[in-house]
Amino acid sequence: MTAQSILHTLREARTTGAKKIAVLVDPDKTDARTAGQLAARASAVGVDYLLVGGSLIVDGQFERCVEALKAASGIPVLLFPGDTFQVCDRADGILLLSLISGRNPELLIGRHVIAAPALRRSGLEILPTGYMLIDGGAPTSVSYMSNTMPIPANKPDIALCTALAGEMLGLQLLYMDAGSGAGRPVPQNMIEAVRSAVGLPLIVGGGLRNPDKAVAALSAGADMIVIGTAIEQAPEMMQDVCISVRRAFPAVAK
Ligand code: 1GP
């Protein structure tokens, strides 16, 4: 994996319409053996990326989980850190998240300053990501832990302006997240609004509980969807999601 390849691939996906599927693995809920099985299954069905992270790591399985994912498949592993200590140089890249929907300076720049030296040493591909939390109907771990308010789901203009500002500030990816286990995913009209205004690759996740919701988010303009909870509960759904997405977007190469 070369230094720029993940960002390059996602930019290319944005341009060509190739849709990417990512599975989120919570190291607190996934032991190394299960992580290995999950990665092998993901590889067999054509998942594009494995994301690893959680708002809270209680069990200290983080590095073992990353290692198990890497050992079991060739799928790029991207860190999706809930905090500064979630850095592991066995992964391929890291979504360096700036929580631009919130007004908590620690999550806009503060933690990044602390993490920067370790990130530079790590050799990970750094993916500067504007992270936007969208109200998914109930408070989520992220909104609680980050001490920020999500963007109201019925305010696509706020999402659009936030995304635009993130792009103008030089961020390279956007991630609209309704939060893990959200009752409602990010609304389609909000995805469409952001997509139409911003040229960055767009990641959407949170509450995508079945293949139809995944396809709907991609149809609205997401370039990559992230599914965690639903696959944690029923790993076999990975295959259904991949089949549905590849069927809905047949013309574009993976
Ligand atoms: C959360 O977008 C991810 O940050 C995944 O959400 O667990 O609801 O799939 P789910």
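Please read these numbers as outputs of a predicted model, since none were measured by experiment. Counting starts at 1 for both ligands and their atoms, in listed order.
- Relative to atom 4 (O) of ligand 1, the option among D177, V226, I225, I227 with the closest non-hydrogen atom is D177.
- Closest to atom 5 (C) of ligand 1 by heavy atom, among A178, G136, G206, is G206.
- Listed by atom number, the atoms of ligand 1 under 4.0 Å from G205 heavy atoms are 2 (O).
- Heavy atoms only, all atoms of each residue included: K155 and M190 are closest at O-CE, 3.6 Å.
- Considering only heavy atoms from C-beta on, V25 comes within 4.5 Å of L69 through its side chain.
- When hydrogens are left out, the protein atom nearest atom 9 (O) of ligand 1 is G228 N, 2.8 Å; that is the closest non-hydrogen contact.
- Rounding to the nearest 0.5 Å gives a distance of 7.0 Å between OG1 of T148 and CG of L107.
- Contacts between T229 and ligand 1, counted as non-hydrogen atom pairs separated by less than 4.0 Å, involve both the backbone and the side chain.
- Under a 4.0 Å criterion applied to the non-hydrogen atoms of G179, ligand 1 contributes the atoms 8 (O).
- Shown here is Q239, whose CD atom has no more than 12 heavy atoms of other residues, nucleotides or ligands within 6.0 Å.
- Within ligand 1, the atoms closer than 4.0 Å to a non-hydrogen atom of G207 are 8 (O), 10 (P), numbered from 1 in the order shown.
- Contact of the L173 side chain with the Y131 side chain is not registered, since no non-hydrogen atoms from C-beta on lie closer than 4.5 Å.
- Proximity to F80 (heavy-atom distance under 4.0 Å) selects the following atoms of ligand 1: 4 (O).
- Near L24, meaning under 4.0 Å from one of its heavy atoms, ligand 1 places the atoms 1 (C), 3 (C), 5 (C).
- Following chains of ILVMFWY side-chain contacts shorter than 4.5 Å, one cannot reach L202 starting from V215, and the two form parts of different hydrophobic clusters.
- Heavy atoms of A230 come nearer than 4.0 angstrom to ligand 1 in no pair at all.
- At a threshold of 4.0 Å, the pair K70-D92 counts as salt-bridged, since one of the basic side-chain nitrogens sits closer than that to a carboxylate oxygen.
- Summary of contacts: the protein heavy atom closest to atom 3 (C) of ligand 1 is Y175 OH, 3.5 Å.
- Of all atoms in ligand 1, numbered sequentially from 1 with element shown, those under 4.0 Å from a heavy atom of G181 are 7 (O), 8 (O), 10 (P).
- Between I75 and A39, the closest heavy-atom pair is CD1-O, 4.1 Å.
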